[in-house]
J.: 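Encoded as structure tokens, here's the structure I'll be asking about.
Remember, it's 1-based here, ligands and their atoms both numbered in the order they're listed.
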Amino acid sequence: MGTRFACVHLSLHFGAERKDFVMKIIMLGAPGAGKGTQAQMIADQYHIPHVSTGDIFRANIKNGTELGMEAKKYMDQGLLVPDELTVKILLDRVAEEDCKEGYLLDGFPRTIPQAEVLDKALTELGDEIDYAINVDVPDENIVKRMSGRRACLSCGSTYHMEHIPPQKEGVCDKCGNELVLRDDDKPETVLNRLEVYHKQTQPLIQFYEEKGVLRTVDGTKPMKEVFDSIVEILEK
Ligand code: AMP
């Protein structure tokens with residue numbers, strides 16, 4: 001199983017027992033399935049970087065970079081940013097020092113070619129993905145959920161008006177900046193994103209199932225229950 005049981009600093013607690021291993025996790029799921037929230041909670045719990053390609057693009061948009069301007073054209077329509085732009089930023093990010101001992105990918109890969117590039121890069125390092133966690137939510141729940149989402153464009157934190165409200169309405173708990181409904185969470189864009197998800201991203205479920213690393217959790221359950229089932233999988 002790759003380097004999963006190599007002895008490094010990432011520590012999980014099994015009752016009183018501690019076990020150390022590198023963990024590379026992918027979060028899969030439709031837009032709005034709650035994978036971003038779960039990703040953040042897992043990353044916090046296990047002290048591994050939460051690598052979100054969506055957040056990287058949004059940071060670039062905010063800073064007015066060329067990459068940001070290019071990505072925005074696609075994001076605002078609910079389309080995927082082309083693989084040529086996406087793959088390089090992801091591989092550069094996971095090559096950084098803080099990812100040496102594991103990371104959690106949220107929003108990458110989103111296409112089979114992206115998964116293949118990642119697989120090849122990891123194989124070259126004698127490594128592999130440990131778990132692909134699929135947060136499963138039927139389409140009918142998604143549109144309703146996404147209209148309640150609010151995001152902080154400064155620090156990337158996400159909230160839900162009903163399920164995870166900020167302490168003060170419209171204000172980010174973490175950095176105090178304004179919360180907004182992202183352009184790509186608007187209902188018309190969400191329908192496009194769902195269509196794109198089914199066509200381009202859903203095939204990844206089979207891809208990781210064939211690799212034996214797919215685990216599916218019921219994303220319609222309350223947030224804490226979903227989190228507990230993911231922890232159970234990771235600590236098995
Ligand atoms: P997210 O925050 O993960 O929902 O991503 C927001 C938007 O960023 C997506 O709808 C895409 O337009 C773009 N994006 C994020 N990650 C990827 C990726 N791996 N491949 C292509 N486009 C992406």
J.: Any N/O of Phe57 closer than 3.5 Å to an N/O of ligand 1?
T.: no
J.: Are any of the N/O atoms on Val81, whether in the backbone or the side chain, positioned under 3.5 angstrom from an N/O atom of ligand 1?
T.: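 Yes, since at least one N or O of Val81 sits under 3.5 Å from an N or O of ligand 1.
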J.: Report the part of Met27 in contact with ligand 1, treating N, CA, C, O as backbone and CB onward as side chain, heavy atoms under 4.0 Å; options are side chain, backbone, both, neither.
T.: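 For Met27, no heavy atom sits under 4.0 Å from ligand 1.
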J.: Hey, is ligand 1 close enough to Thr53 that some N/O pair sits below 3.5 Å?
T.: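 Yes - when backbone and side-chain N and O of Thr53 are compared with those of ligand 1, one distance drops under 3.5 Å.
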J.: Which bit of Thr86 is near ligand 1, meaning a heavy atom under 4.0 Å away: side chain, backbone, both or neither?
T.: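 Only the side chain of Thr86 comes within reach of ligand 1.
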J.: N/O to N/O below 3.5 Å, does that happen between Gln114 and ligand 1?
T.: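 It does: an N or O of Gln114 is found under 3.5 Å from an N or O of ligand 1.
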J.: State whether Asp119 and Lys211 are salt-bridged, where the test is any N-O pair (Lys NZ or Arg NE/NH1/NH2 against Asp/Glu carboxylate O) under 4.0 Å.
T.: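 Salt bridge flag = yes for Lys211 with Asp119.
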J.: Going by heavy-atom distance to atom 6 (C) of ligand 1, choose the closest among Thr201, Ile61, Asp184.
T.: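 Considering heavy atoms of Thr201, Ile61, Asp184, the nearest to atom 6 (C) of ligand 1 sits in Asp184.
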J.: Would you mind listing which atoms of ligand 1 come within a distance below 4.0 Å of any non-hydrogen atom of Gly54?
T.: 2 (O), 5 (O), 15 (C), 16 (N)
J.: Strictly below 4.0 Å, N to O, side chains only: are Asp183 and Lys186 in salt-bridge contact?
T.: yes
J.: Do Leu80 and ligand 1 have an N or O pair less than 3.5 Å apart?
T.: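 No; every N/O pair is 3.5 Å or more apart.
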J.: Out of Lys35, Arg193, Met75, who is nearest to atom 10 (O) of ligand 1 when you count heavy atoms only?
T.: Arg193
J.: Which of the numbered atoms in ligand 1 are under 4.0 angstrom from any heavy atom belonging to Gly107?
T.: 16 (N), 17 (C), 18 (C), 19 (N)
J.: Taking atom types as modelled, is there a side-chain donor on Tyr46 or Glu235 under 3.5 Å from an acceptor on the other?
T.: yes
J.: Can we say Arg93 and Asp98 salt-bridge, meaning some charged N sits less than 4.0 Å from an Asp/Glu carboxylate O?
T.: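 Counted as a salt bridge, because a side-chain N and a carboxylate O are separated by less than 4.0 Å.
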J.: Establish, from distance only, whether the side-chain atoms of Asn63 and Thr65 form a donor-acceptor pair under 3.5 Å.
T.: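 Per modelled atom types, Asn63 and Thr65 side chains form no pair under 3.5 Å.
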J.: Between Arg110 and ligand 1, does any nitrogen or oxygen pair lie at a separation below 3.5 Å?
T.: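 Checking ligand 1 against Arg110, an N or O pair does fall under 3.5 Å apart.
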J.: Do Glu188 and Asn192 meet the criterion of a side-chain donor-acceptor pair at a distance under 3.5 Å?
T.: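 Side chains of Glu188 and Asn192: no pair found under 3.5 Å.
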J.: Quick one: which ligand 1 atoms are inside 4.0 Å of a heavy atom on Leu79?
T.: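 Every atom of ligand 1 under 4.0 Å from some heavy atom of Leu79: 11 (C), 12 (O).
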J.: Taking 4.0 angstrom as the limit, do Asp185 and Arg193 come out as a salt bridge?
T.: yes
J.: When you compare the side chains of His198 and Asp139, does any donor N or O come within less than 3.5 Å of an acceptor on the partner?
T.: yes
J.: Run the salt-bridge test on Glu124 and Lys120 with the 4.0 Å N-O cut-off and return the result as yes or no.
T.: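 A salt bridge is present here (some side-chain N lies under 4.0 Å from a carboxylate O).
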